[in-house]
Engineer: 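To start, I am sharing the structure in question, which I have written as structure tokens.
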Number of protein chains: 2
Amino acid sequence: MAVTIHDVAREAGVSVSTVSRALSGARRVGPELVERVHEAARRVGYRHNAVARALRAQRTGVIGMVVPEISNPFFPAIVEAVERTLQESDRELMLCDSRRSPDVERRRIQALLGRQVDGLLISPVDSQASTKVLHEAMRHTAVVQMDRYADQTRLDWVGVDDESGMALVVQHVRDHGAERVALVSAERNSSSGRDRLDALRRATTTAGLAESVELLGEFSIDWGAAAARELVSRGDLPDAVVCGNDEIAVGVIRELRRHGLAVPDDVLVTGFDDTPIATYIEPALTTIRQPREAIATEAVRLLDARLADTELPVRKLALQPELVVRGSTQPGSEGSAS
Amino acid sequence: MAVTIHDVAREAGVSVSTVSRALSGARRVGPELVERVHEAARRVGYRHNAVARALRAQRTGVIGMVVPEISNPFFPAIVEAVERTLQESDRELMLCDSRRSPDVERRRIQALLGRQVDGLLISPVDSQASTKVLHEAMRHTAVVQMDRYADQTRLDWVGVDDESGMALVVQHVRDHGAERVALVSAERNSSSGRDRLDALRRATTTAGLAESVELLGEFSIDWGAAAARELVSRGDLPDAVVCGNDEIAVGVIRELRRHGLAVPDDVLVTGFDDTPIATYIEPALTTIRQPREAIATEAVRLLDARLADTELPVRKLALQPELVVRGSTQPGSEGSAS
DNA sequence: CTGAAAGCGCTTACAG
DNA sequence: CTGAAAGCGCTTACAG
């Protein structure tokens with residue numbers, strides 16, 4: 001039914017072995033035959049069947065990727081960079097969304113393993129609940145964690161150095177005169193939630209700042225707005241609100257302004273990630289830029305190293321982030337409140 | 001090496017045929033055997049090999065998807081909805097980014113065909129340059145176009161009704177007192193660029209409005225900002241700026257405000273798509289909401305119908321959009337310029 | 001209802 | 001350098 005190497009072999013008058021070798025470029029075929037085979041392949045309209053090749057070669061050339069939420073603006077840029085990197089080695093990306101559910105995540109990983117992916121890139125939903133399935137996955141394929149990670153896994157990880165990032169942010173607001181800061185972030189159930197909060201506490205202590213209050217919810221705009229309402233209702237505003245990510249910060253800024261407070265003149269606000277949203281709002285957001293391109297590239301590199309050598313020691317790669325200063329902490333700057 | 005149905009068969013003391021039938025649930029196996037086989041499978045740690053199954057069954061259960069740019073905020077929500085819909089039938093999504101290049105798009109499609117995808121969902125980069133490869137693709141698999149489409153293809157399509165959307169927008173600004181409108185959109189090389197512009201022209205004529213100027217670039221914030229500078233430098237502001245998508249509108253609003261012009265008090269501005277960005281800016285954007293969930297669901301439905309019956313007539317499904325009114329056209333509303 | 005056998009389309013030792 | 005043969009792990013007519 002489909003055009004196979006047998007058809008090409010018949011057309012070229014050679015064996016299927018020769019066709020396979022000529023087409024795959026394994027250099028053990030006479031140059032004139034290679035030419036003849038390619039010619040024949042073109043004439044009969046041959047198209048490579050990657051499924052058959054995968055079954056025989058025990059290698060699919062497909063990498064599975066599981067993200068907590070593709071519509072979270074942090075992930076598309078990562079996905080794009082991973083896809084681009086994989087193309088350089090003719091591999092494809094099979095993308096899954098775990099919808100922030102450990103249960104969905106488990107099913108998606110099982111499906112990817114069943115499809116014999118050559119490797120798995122994952123940003124685990126939950127630092128506890130994701131551990132078990134990841135341990136099972138690593139028995140079948142190479143696994144690298146990106147951005148988030150699960151506890152107690154002997155698994156590679158690449159992400160941003162939350163400690164450095166939060167230190168940069170806290171020093172920055174202190175340099176701009178802040179003495180009392182509020183922390184608004186997410187619950188500790190994801191590794192990002194926990195690590196950023198811990199980093200934030202240490203950074204405020206180190207910088208000699210007072211922590212006015214700590215509000216924990218989700219990495220979302222809605223939570224940021226809710227937290228801002230809470231701050232306002234307490235009637236005891238801090239000098240700065242340091243947020244766990246950009247979306248929270250956007251919610252905070254918008255809600256503060258709704259209550260007639262000016263950012264940055266009354267309160268400084270900072271984010272984390274530098275997603276596109278950081279420049280959409282007004283004032284534009286001072287935030288920490290994650291090296292997303294590098295995270296993607298390094299993740300694929302770690303995966304390939306792991307594929308080449310299973311005995312490699314576990315590597316955790318924390319990349320340095322960068323402070324991006326914008327209107328939300330710069331009184332009088334172009335993007336500040338009018 | 002891997003655990004196969006042969007291992008399960010040995011463990012259960014039955015033939016591999018029986019194992020295959022028992023595991024796949026093809027109801028022609030005695031109930032007690034089904035039980036015994038499942039038990040054995042669990043004991044030996046059997047995991048289904050989807051690659052082998054795909055080769056034999058001539059069906060991979062994988063759908064390929066190609067989008068022009070995953071980091072364009074319009075697409076993640078579509079991707080998410082498609083992935084969710086496919087899961088209901090145990091299928092996986094193989095995602096590719098064509099990076100707005102017809103050449104990359106062609107290579108990605110070829111790779112997906114080589115991987116024997118059961119179907120292809122695509123938002124073609126270019127209404128002209130994408131046609132040829134799509135014609136080739138449809139000879140090998142079911143193809144459905146989403147959002148954008150290529151000309152002269154006998155291919156199904158599902159997307160938004162640009163005509164209705166633009167009519168809603170134009171009537172809305174007229175009802176708010178606009179008499180002269182500027183159109184800022186993208187070049188005509190993509191179907192969206194062309195159709196929205198045509199729809200916009202007809203709508204302004206029908207509404208009896210005067211078109212002050214027409215500026216065509218890209219679907220980007222930067223282009224919106226550039227277009228706004230052009231409008232300001234002409235020193236002849238229209239009553240409303242109707243934009244081809246939300247990103248353009250965001251660029252326009254921000255640049256107008258930078259020049260001291262108030263939106264909506266001096267000029268009304270509208271977008272198209274209702275991506276998250278529409279609510280991030282200030283004033284929030286009046287725009288056209290695309291039924292993205294429905295587009296995704298219908299695309300998979302069309303694909304399945306096409307898989308079931310190749311002879312089906314070509315279907316173009318234009319879904320009705322909805323006008324979402326926000327601060328950028330509502331003088332004095334909460335989100336308006338301060 | 002169950003089993004033996006063929007075969008999906010390819011790659012890769014093994015001979016020559 | 002080239003070919004014949006085995007086999008990747010499964011499904012599915014074909015017998016019984």
Side-chain angles (χ1 to χ4, degrees), chain A residues 1-38 40-41 44-62 90 111-118 140-141, chain B residues 1-38 40-41 44-62 90 111-118 140-141:
Chain A
M1 160 108 146
V3 178
T4 74
I5 55 171
H6 289 92
D7 301 302
V8 178
R10 193 179 314 115
E11 178 77 13
V14 297
S15 72
V16 295
S17 318
T18 300
V19 172
S20 175
R21 293 191 193 104
L23 258 33
S24 71
R27 277 286 143 226
R28 296 162 140 274
V29 183
E32 71 287 356
L33 265 195
V34 172
E35 181 56 32
R36 183 136 59 96
V37 168
H38 275 100
V44 300
Y46 174 72
R47 178 184 296 280
H48 195 91
N49 184 325
V51 173
R53 174 208 275 259
L55 177 60
R56 175 60 228 239
Q58 298 287 71
R59 197 173 159 285
T60 54
V62 175
D90 271 319
L112 290 172
L113 293 178
R115 292 190 181 278
Q116 317 297 118
V117 291
D118 289 343
H140 297 279
T141 190
Chain B
M1 158 110 149
V3 178
T4 73
I5 54 171
H6 290 92
D7 302 302
V8 179
R10 193 179 315 114
E11 178 77 13
V14 296
S15 73
V16 295
S17 318
T18 300
V19 172
S20 175
R21 292 191 192 104
L23 258 34
S24 70
R27 278 284 143 228
R28 293 161 142 275
V29 184
E32 71 287 355
L33 264 194
V34 172
E35 181 57 31
R36 183 137 58 95
V37 169
H38 275 100
V44 299
Y46 174 73
R47 178 185 296 281
H48 195 90
N49 184 325
V51 173
R53 175 208 274 262
L55 178 60
R56 174 61 229 235
Q58 298 287 69
R59 198 173 158 286
T60 54
V62 175
D90 271 318
L112 290 172
L113 293 178
R115 292 191 181 277
Q116 315 298 117
V117 292
D118 289 344
H140 298 279
T141 190

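Chain identifiers are assigned alphabetically (A, B, ...) following the order of the sequence lines, protein sequences preceding nucleic acid strands; residue numbering begins at 1 within each chain.
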Engineer: Nearest whole angstrom, please: distance from the P of D:dG9 to the NE2 of B:His48.
Structural biologist: 13 Å
Engineer: What is the distance, rounded to the nearest whole Å, between atom CZ of B:Arg21 and atom C1' of D:dT11?
Structural biologist: 9 Å
Engineer: Taking all non-hydrogen atoms of both residues, which atom of B:Ala54 and which atom of A:Val51 are closest, and how far apart?
Structural biologist: CB-CG1, 4.0 Å
Engineer: Identify the heavy atoms of B:Thr60 and B:Val117 that sit nearest to each other, and give their distance.
Structural biologist: OG1-CA, 3.8 Å
Engineer: Could you give the CD-to-C1' distance, from B:Gln116 to C:dC10, as a whole number of Å?
Structural biologist: 11 Å
Engineer: Can you figure out which of D:dG3, C:dG9, C:dA4 approaches the side chain of A:Ser17 most closely?
Structural biologist: D:dG3
Engineer: Please give the nucleotide sitting opposite D:dA4 as a Watson-Crick or G-U wobble pair, both distances under 3.5 Å, or none.
Structural biologist: none
Engineer: Base, sugar-phosphate, or nothing: which does B:Val14 touch, judged by heavy atoms less than 4.0 Å apart?
Structural biologist: sugar-phosphate
Engineer: Side-chain contact, heavy-atom cut-off 4.5 Å: B:Arg47 with A:Leu113?
Structural biologist: yes
Engineer: In this structure, how many angstroms lie between the C1' atom of C:dA5 and the NE2 atom of B:His6, rounded?
Structural biologist: 11 Å
Engineer: So which nucleotide from C:dT11, D:dG3, D:dC10 ends up closest to the side chain of B:Tyr46?
Structural biologist: D:dC10
Engineer: Does A:Arg56 get its side chain close enough to the base of D:dG9, under 3.5 Å, for a donor-acceptor pair?
Structural biologist: no
Engineer: Please figure out whether B:Ala57 or B:Glu32 has its closest DNA chain C nucleotide nearer the 5' end.
Structural biologist: B:Glu32
Engineer: Using whole Å, what does the distance between atom C1' of nucleotide C:dC1 and atom CD of B:Glu35 come to?
Structural biologist: 17 Å
Engineer: Pick the nucleotide of DNA chain D nearest each of A:Leu33 and A:Val16; which residue has the one closer to the 5' end?
Structural biologist: A:Leu33
Engineer: Would one find a side-chain N or O of B:Gln58 under 4.0 angstrom from OP1 or OP2 of C:dG7?
Structural biologist: no
Engineer: Would you give the length of the straight line joining atom CZ of B:Arg36 to atom OG1 of B:Thr18, rounded to the nearest 0.5 angstrom?
Structural biologist: 9.5 Å
Engineer: Given side chains that start at C-beta, do those of B:His48 and B:Leu23 come closer than 4.5 Å, heavy atoms only?
Structural biologist: no
Engineer: Does a side-chain N or O from B:Thr4 land closer than 4.0 Å to OP1 or OP2 of D:dG9, or not?
Structural biologist: no
Engineer: Any side-chain heavy-atom pair from A:Val44 and A:Arg10 closer than 4.5 angstrom?
Structural biologist: no
Engineer: In whole Å, what is the span from the CZ atom of A:Arg47 to the C1' atom of C:dC10?
Structural biologist: 16 Å
Engineer: To the nearest Å, how far apart are B:Asn49 CG and C:dC8 P?
Structural biologist: 18 Å
Engineer: Can you check the A:Leu55 CG to C:dT12 P distance for me, whole Å?
Structural biologist: 12 Å
Engineer: Could you tell me whether the phosphate oxygens of C:dG3, OP1 or OP2, come under 4.0 Å of any side-chain nitrogen or oxygen in B:Ser15?
Structural biologist: yes
Engineer: Report yes if a side-chain nitrogen or oxygen of A:Ser20 is closer than 4.0 Å to either non-bridging phosphate oxygen (OP1 or OP2) of C:dT11; otherwise report no.
Structural biologist: yes
Engineer: Counting Watson-Crick and G-U wobble pairs only, both distances under 3.5 Å, name the nucleotide matched with C:dA13, or none.
Structural biologist: none
Engineer: Out of D:dT11, D:dC8, C:dT2, which nucleotide sits closest to the side chain of B:Ile5?
Structural biologist: D:dT11
